[in-house]
Enquirer: 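Pasting in a structure now, in structure tokens, and then I'll have a few things to ask.
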Protein chains: 2
Amino acid sequence: MATLKDIARTLDLSITQVSRALNDHSDVSEETRLRVKEMAQAMNYHPNASARKLVSGRSGMVGLVVPQHRNIGQDGIFIEAVAGLSAQFSGRGMQFVLHIMAEHEPVLPVYQRLIGKAMLDGFVLIDPLDHDPRIDFLKKAGIAFVVHGRVGKAIDYPYFDIENEQLAYDLTSHLTARGHRCIALLNGISGRSYVTVRKQGYCRALRDAGAEELPHLHLGGEMDEANGLTHTIRLFSGDAPRPTAIVCGNVRLARGVYQALAALGLRVPTDVSVVAHDDELPSLRASAFFPALTVTKAPLRDSWEPLVDCLTGAIEGKPLATLQRIGSYTFIERNSVADAAMA
Amino acid sequence: MATLKDIARTLDLSITQVSRALNDHSDVSEETRLRVKEMAQAMNYHPNASARKLVSGRSGMVGLVVPQHRNIGQDGIFIEAVAGLSAQFSGRGMQFVLHIMAEHEPVLPVYQRLIGKAMLDGFVLIDPLDHDPRIDFLKKAGIAFVVHGRVGKAIDYPYFDIENEQLAYDLTSHLTARGHRCIALLNGISGRSYVTVRKQGYCRALRDAGAEELPHLHLGGEMDEANGLTHTIRLFSGDAPRPTAIVCGNVRLARGVYQALAALGLRVPTDVSVVAHDDELPSLRASAFFPALTVTKAPLRDSWEPLVDCLTGAIEGKPLATLQRIGSYTFIERNSVADAAMA
DNA sequence: GAAAAAATCCGAAACGTTTCGGAAAAGATA
DNA sequence: TATCTTTTCCGAAACGTTTCGGATTTTTTC
């Protein structure tokens, strides 16, 4: 375990000069710089991160805090986030701390504790709520963070997001353009910011098409196959007007919708058109549906690099404008949409 | 961000005494101890982990290093390990660092780098190989670690394991006791220690029953449904003697085996008996098979607590004998085994 | 050769915590 | 009250790194 002292002793330099050479200070001669770097490599020197953090305030470690829930092993977002973020941080020589909270533990004291230990340089926040207490808390604490998503209007923190309002508008207006007016939206768990803005985009498209918004056509909850199936059964079981088209928040919901429609003896797209947003989670391919599914596509895995870029930028004190990014999505028309039947 | 200095100034004590009070030194008066603890709580004091690590050598952080692979999001072991370990460490006020290596990155330099930064108190090792270089490396580095499994004979490091050799013996001899002699073993990826010892248990049971070991009846690879299916098709497609029973390394393989046998028009257990080891991964229930599957059961999730106990014990310098634990498994007979047909 | 300017280097202090080796205060005894 | 013993407290130093504010060395100019 080599230290600066070891290198300094060997090269007959002060530890100050060794430190300055390793950190490329301008007033170190090129000759000294090379000698020091070679010796450091030869001695397999790594700066002691604790010492460095104590002095410079930087440890090279960042955290992700997620709540424990029963279904955590099946949560595609969680798995993707953990694997993707960890790989990105590892690739930058940073360490990724994963903290899983007990199921009903209040979140802010957890952040307070982690911040209080002064170990982490910043946090990634995923799944933001419409009124997410974490954001104000971390801003007040003065610690770097980046949000996967956006909350509110006056956004003064780093984020990476896609245009969820617009993609829901595009999916819905694709259906209205084919004559559909009775369109269901299967959305996520309410209170999440992306869920809220997707509903806004859906409603805007209905308004633009002069269609009425019917409350029973907007259903939310965990976005999995089971809910896709049960929501669809519910939509076609009541006395209320039945949808001729369904917008699904993700491809897992769409899988459940396809299954339910088949069980009900309804055909896609002849009887009911279906569109979805596709995060491209690994276990599901929209193109593998029959009929193939029309989607807005934004691979979740493309989030991790810009998120990590923004967070490291925030840690380094880069200007906020460079730390707020919008990712693109692609509209891909396949075979799951037909004109509304004139019934 | 309160420090010892703040508390000391407020209570008119030295920082030494504050530190000693907070750490329950015996020569601090009870009155002083309480005053200090109350003030620390009132000021929301958390010891600076970097400072602590620098002095005491302990950060309260431990690491898990896993290689990136394409299927990481579907890897039940990985997901379980990450969620389970993280929750255990969080519950103990420790921080869990997850480091995902690039796909073909050599492993030892990664450990060297992490150790060199002097941030982590120890490591959890999962999925040990028969000749696992990590173990000797970490022993030489003098850093605490715990292994999920065992390697070799002279085991002088902390571990938590189950008796894989014995469970494979039990599953196989359950079949030999019912007259089966031509028994297949669908195992994991060779070179892993549990894979090696399970094969040993299987062979021992065959020997004890006077049955011949046929090499084509031992198949290995990723233990998923796809391989369960393809291995089974292969076993029943060649000219070599076909098995009358199959031992599966996990329940996912067994799912694939059931599917393949159904496709081949063979019945469980009338035509082919099937047994498996059940880690109780959340997405699969052995009892939900039809016919219900006979298993040795050892829930993977029961590993995390003892693993973490052993690692924290190792970090605290507890005697090795208390840090080597064997977990139990249960033999559960259900309906997937019948007597061998006298054909 | 002397003085000034530029280049290179370094001592001291800081960061926040822990602990060794006393020092000081309090209590007990004659 | 003085002395001895016990209890409580604390100054100094350490941990490894970074950087401020010089100090020293080398180079340039006259």
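Throughout, a chain's letter reflects where its sequence line sits, starting with A, and its residues are numbered from 1.
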Enquirer: Is the backbone N or O of A:Val62 less than 3.5 Å from a side-chain atom of A:Asp121, with the two atoms forming a donor-acceptor pair by type?
Expert: no
Enquirer: Can you confirm whether A:Arg33 sits close enough to A:Asp24 that some side-chain heavy atom of one is under 4.5 Å from a side-chain heavy atom of the other?
Expert: yes
Enquirer: Please identify which of these residues, A:Val28, A:Leu4, A:Leu13, meets the side-chain contact (heavy atoms from CB on, under 4.5 Å) condition with A:Val36.
Expert: A:Leu13
Enquirer: Please report the distance, rounded to the nearest Å, between CZ in A:Arg9 and P in C:dC10.
Expert: 15 Å
Enquirer: Heavy atoms under 4.0 Å, any strand shown: does B:Asn48 hit a base, just sugar-phosphate, or nothing?
Expert: sugar-phosphate
Enquirer: For B:Gln17 and for B:Lys5, find the nucleotide of DNA chain C with the closest heavy atom, then tell me which residue's nucleotide is more 5'.
Expert: B:Lys5
Enquirer: For B:Leu54 and for B:Glu30, locate the closest nucleotide of DNA chain D by heavy-atom distance; then report the residue assigned to the nucleotide nearer the 5' terminus.
Expert: B:Glu30
Enquirer: Ignoring backbone atoms, test whether B:Thr32 places a side-chain nitrogen or oxygen under 4.0 Å from the OP1 or OP2 oxygen of D:dT8.
Expert: no
Enquirer: Using a cut-off of strictly less than 4.0 Å between a heavy atom of the residue and any atom of DNA chain D, enumerate the qualifying residues of residues 113-120 of chain A by number.
Expert: none
Enquirer: Mind telling me whether B:Tyr111 and B:Phe123 have parallel, tilted or perpendicular rings, with 30° and 60° as the class edges?
Expert: perpendicular
Enquirer: Would you say B:Ser14 reaches D:dC10's phosphate, i.e. side-chain N/O to OP1/OP2 under 4.0 Å?
Expert: yes
Enquirer: Over all strands shown, is B:Leu13 touching base, sugar-phosphate only, or nothing at heavy-atom distances under 4.0 angstrom?
Expert: sugar-phosphate
Enquirer: Inspect the surroundings of NZ in A:Lys139 and state if more than 12 heavy atoms from other residues, nucleotides or ligands are less than 6.0 Å away.
Expert: yes
Enquirer: Figure out the CE/C1' separation between B:Met43 and C:dG16, and round it to whole Å.
Expert: 15 Å
Enquirer: Would you say D:dC9 has OP1 or OP2 under 4.0 Å from some side-chain N or O of B:Arg20?
Expert: no
Enquirer: Taking OP1 and OP2 of D:dT19, is either one under 4.0 Å from a side-chain nitrogen or oxygen of A:Thr16?
Expert: no
Enquirer: Answer yes or no: does atom NE2 of A:His131 have more than 12 heavy-atom neighbours from other residues, nucleotides or ligands under 6.0 Å?
Expert: no
Enquirer: Write down the distance between CZ (A:Arg52) and C1' (C:dC15), rounded to a whole number of angstrom.
Expert: 15 Å
Enquirer: Could you state the CG-C1' distance from A:Asp27 to D:dT25, rounded to the nearest angstrom?
Expert: 14 Å
Enquirer: Counting only side-chain nitrogens and oxygens, does A:Ser19 get under 4.0 Å of the OP1 or OP2 atom of D:dT18?
Expert: yes
Enquirer: Look at B:Glu105 together with B:Arg113 and state whether they make a salt bridge at an N to O cut-off of under 4.0 Å.
Expert: yes
Enquirer: Using a 4.0 Å heavy-atom cut-off, does B:Ser50 contact any base of the nucleic acid, only the sugar-phosphate backbone, or nothing at all?
Expert: nothing
Enquirer: Ignoring backbone atoms, establish whether A:Ser56 has a side-chain N or O less than 4.0 Å from OP1 or OP2 of C:dC15.
Expert: no
